[in-house]
Amino acid sequence: MTIGKLKLTNSLTRKKELFEPINSPKVGMYVCGPTVYSNVHLGNLRTFISFDIINRYLKFLGYKVRYVRNITDVGHLLDNGEDKISKKARIDKLEPMEIVQKFTNDFHNVMKTFNVLPPDIEPSATGHLLEQIEMIETLLSRGFAYQANGSVYFDLIKYNKLHPYGKLSGRKMADLINQSRTLEGQDDKKNPLDFALWKKAAPNHIMKWKTKWSYGFPGWHLECSVMSTKYLGKQFDIHGGGLDLKFPHHDCEIAQCLGSLDKEPAKYWMHTNMLTVNGQKMSKSLGNSFLPWQLIYGNHKLLDRGYSPMAIRFFMLQSHYASTLDFSNEALNGSLKGYTKLANGIRILKEMIYPKHDALNVNAALINQISKICDDCHNAMNDDFNTALTIGHLFNLLKKVNSFYSKQLSLTDINQATFNRMKTTLLTFTEEILGIKPEKNINGHNLLKFLLEDYAKAKATKNYKKVDLLRQLLAEEGITINDMKDFIGWAYNE
RNA sequence: GGUUCCGUGGCCGAGUGGUUAGGCAGAGGUCUGCAAAACCUUUUACGGCGGUUCGAAUCCGUUCGGAACCUCCA
């Protein structure tokens, strides 16, 4: 066996571990989704593309994955205690649910545009208020929470006596207490580190629900604990999110789950790294973030041009999810060219058929080489979903395909089984696992065929004026004509 | 200050003890009416210093530089 087993980096242990699901072949995966008070930006997109790959690859390996990705539609507070969605609703004079719907729609459009598969369940915080209230009650009854002025807070000092708080991010309570910052409206807390489970709403607050504690709303961390538990059980396999959620959000989730259920919620924690611009994290507050649409259409002052969604997806997959990825025109241009090369190769490969022949010239070395590259692709994905390395191997395979196409290598040198494996591997990894799908489709294949025949005739009669004209006309339609040794080929332009 | 991480060739970006990552760009070649595409060959490399080792980009120490988190963030 030359193909190994799946390993992934577990943020909880900081080690690369063999992936062993709790109830194989079932796999439960929870990923923190967006807060829908504005458009998702490119950095958010990177995270969701990364988990899309993980979802796709786990399914490819035959696991029965239940992928849950939430929509946060309440509970994210600003420094002054106002809810992000409430604030946007107040400014735009809209119902909070109109804000939520608008940006949820945008989020879904972006996901679809970038070929991100939808999750199996996409729960929202406001749809799970009863469950959240129940968890608060459990925490209160177990003594890990306390009421103060209509709000309920998680008692971290008490919790920390039983379970170390901050183990995911490597923080210690003593250090945290020394460094905590005083925020507005936190006078009710026993300890500044305690976080809200339920927050009493100010009179002008629009999003609020009646409970025995107050008219109020749930704290942000609570929804993820509640919804992951509800749909995946007390313990599930993978919990993911952006690196910036590791602390405090994910440490708080662990505290809520352990505090109410006595179980570690997730076996493996996975964190995706940040997209950077000139070495700095892309974020809304720094003003260096791009919207996906701006990148597609090229309408941003930092952009030289627009890039197609698949070129952008390819760009992101050329790095590992746990590394930062720096964003620049130069890097994007490089990826665009690489992507175009891959897309053209895929088109050629789809039309390539193994010829009928007497297999006399079988080249064992070539067969071994091709099968090794196919193994390499699997092993690269098995190594913590290393898409960058996988793409490297796919290009090695692509070279073979192109060599067969241009007849620099002959298909009669390999047997049918090798041909089939080469074809299946390249197509499956590119389209199913990496989710890179063809963007351009030529309508009017017959017309193209006719023009290429005409072109060939013009060439044969050395009518170069016509030859050049046909080349130019087709170039304007996005097609490059390639004169091959004994036939006329074509490819997509960038 | 605490926690975590990074520094690879012109650009992006894998690799973690010995053997070509890959893409883009550059050079040469095959092919070509000229091109283009493709393929082949090829230049530029592991921040500095010290250590471990037969051997280090990879391990250890140190130093310089950069980033993220500690406030909402994917």
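The chains referred to below are lettered A, B, ... by the order of the sequence lines, with proteins before strands, and numbering in each begins at 1.
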What's the gap between [N] and [M] when it is taken at their [atom1] atoms, as a whole Å value?
N: B:rG61; M: B:rU20; atom1: P; result: 30 Å
N: B:rG48; M: B:rA56; atom1: P; result: 15 Å
N: B:rA14; M: B:rG23; atom1: C1'; result: 11 Å
N: B:rU30; M: B:rA36; atom1: P; result: 14 Å
N: B:rU19; M: B:rA27; atom1: P; result: 30 Å
N: B:rG13; M: B:rA68; atom1: P; result: 15 Å
N: B:rA25; M: B:rG7; atom1: P; result: 25 Å
N: B:rC40; M: B:rC31; atom1: C1'; result: 12 Å

Given [options], the nucleotide with the shortest approach to the side chain of [X]:
X: A:Met484; options: B:rA37, B:rC34, B:rC39; answer: B:rA37
X: A:Phe395; options: B:rA21, B:rG22, B:rG2; answer: B:rG22
X: A:Leu325; options: B:rC11, B:rG15, B:rC12; answer: B:rC12
X: A:Lys341; options: B:rC69, B:rG23, B:rA37; answer: B:rG23
X: A:Ala331; options: B:rC12, B:rA37, B:rC69; answer: B:rC12
X: A:Lys84; options: B:rA74, B:rA68, B:rC72; answer: B:rC72
X: A:Asp468; options: B:rC12, B:rG33, B:rC39; answer: B:rG33
X: A:Arg471; options: B:rA14, B:rA35, B:rA37; answer: B:rA35

Does [X] reach a base, just sugar-phosphate, or nothing at all? Heavy atoms under 4.0 Å.
X: A:Gly279; result: sugar-phosphate
X: A:Tyr464; result: base
X: A:Ser319; result: sugar-phosphate
X: A:Ala388; result: base
X: A:Lys281; result: base
X: A:His41; result: base
X: A:Ser50; result: nothing
X: A:Val467; result: base

So which of A:Thr387, A:Asp384, A:Thr272 actually passes side-chain hydrogen bond (donor to acceptor under 3.5 Å, both in side chains) with A:Tyr321?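 Looking at A:Thr387, A:Asp384, A:Thr272, the match for A:Tyr321 under the side-chain hydrogen bond (donor to acceptor under 3.5 Å, both in side chains) is A:Asp384.
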Tell me whether the side-chain N or O atoms of A:Arg14 pair up with the base of B:rC5 as donor and acceptor below 3.5 Å, since no angle test is needed here.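 Check fails, no donor-acceptor contact within cut-off.
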Could you check whether the side chain of A:Arg171 and the base of B:rG1 have a donor-acceptor pair of N or O atoms closer than 3.5 Å, going by distance alone?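 There is none.
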Measuring centre to centre across the rings, with the benzene-like ring taken for any Trp, is A:Phe429 within less than 6.0 Å of A:His378?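 Aromatic pair counts; centres sit under 6.0 Å.
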Centroid-centroid under 6.0 Å between A:Tyr268 and A:His239 rings: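 Not under 6.0 Å, so no.
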Starting from [atom2] on [N], measure out to [atom1] on [X] and report it in whole angstrom.
X: A:Glu330; N: B:rG23; atom1: CD; atom2: C1'; result: 13 Å
X: A:Gln318; N: B:rG13; atom1: CD; atom2: P; result: 10 Å
X: A:Lys399; N: B:rG23; atom1: NZ; atom2: C1'; result: 10 Å
X: A:Lys459; N: B:rA37; atom1: NZ; atom2: P; result: 15 Å
X: A:Met270; N: B:rU4; atom1: CE; atom2: P; result: 20 Å
X: A:Leu245; N: B:rA68; atom1: CG; atom2: P; result: 16 Å
X: A:Leu317; N: B:rG22; atom1: CG; atom2: P; result: 19 Å
X: A:Lys485; N: B:rU30; atom1: NZ; atom2: C1'; result: 8 Å

Using purine N1 to pyrimidine N3 plus N6-O4 or O6-N4 for Watson-Crick, or N1-O2 and O6-N3 for G-U wobble, both under 3.5 Å, which nucleotide pairs with [N]?
N: B:rA21; value: none
N: B:rC5; value: B:rG66
N: B:rU42; value: B:rG26
N: B:rC72; value: none
N: B:rA14; value: none
N: B:rC59; value: B:rG51

If each of A:Lys246 and A:Lys284 is mapped to the nucleotide of RNA chain B with the nearest heavy atom, which maps nearer the 5' terminus, i.e. the 5' end?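 Its nearest nucleotide lies further toward 5', so the answer is A:Lys246.
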RNA chain B: 5'-proximal contact among A:Ser283 and A:Phe314 (nearest heavy atom):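 Residue closer to the 5' terminus by nearest nucleotide: A:Phe314.
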Does [N] have OP1 or OP2 sitting under 4.0 Å from an N or O in the side chain of [X]?
X: A:Asn273; N: B:rC5; result: no
X: A:Ser328; N: B:rC12; result: no
X: A:Asn402; N: B:rA38; result: no
X: A:Lys172; N: B:rU3; result: no

Does the ring of A:Tyr30 carry A:Arg69 above it, NZ/CZ under 6.0 angstrom from centre and within 45° of its axis?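 No - A:Arg69 does not lie over the ring of A:Tyr30 by the 6.0 Å and 45° rule.
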Salt-bridge present (A:Lys88, A:Asp92; N to O < 4.0 Å):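 Looking at A:Asp92 together with A:Lys88, the answer is yes, because their closest N to O distance falls below 4.0 Å.
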Does the plane of the ring in A:Phe217 sit parallel, tilted or perpendicular to the ring in A:His205? Use 30° and 60° as the thresholds.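 Parallel, since the angle between the ring planes stays under 30°.
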Pair A:Ser406-A:Gln408, side-chain donor/acceptor within less than 3.5 Å: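 A:Ser406 vs A:Gln408: donor-acceptor pair found between side chains.
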Distance-only polar pair, side chains of A:Thr324 and A:Asn273, donor-acceptor under 3.5 Å: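 No pair is found: no donor N or O on one side chain lies under 3.5 Å from an acceptor on the other.
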Would A:Asp188 and A:Ser151 count as a side chain to side chain donor-acceptor pair (under 3.5 Å) here? Give the steps. CA-CA 8 Å; A:Asp188 297 335; A:Ser151 293; 4.9 Å; no
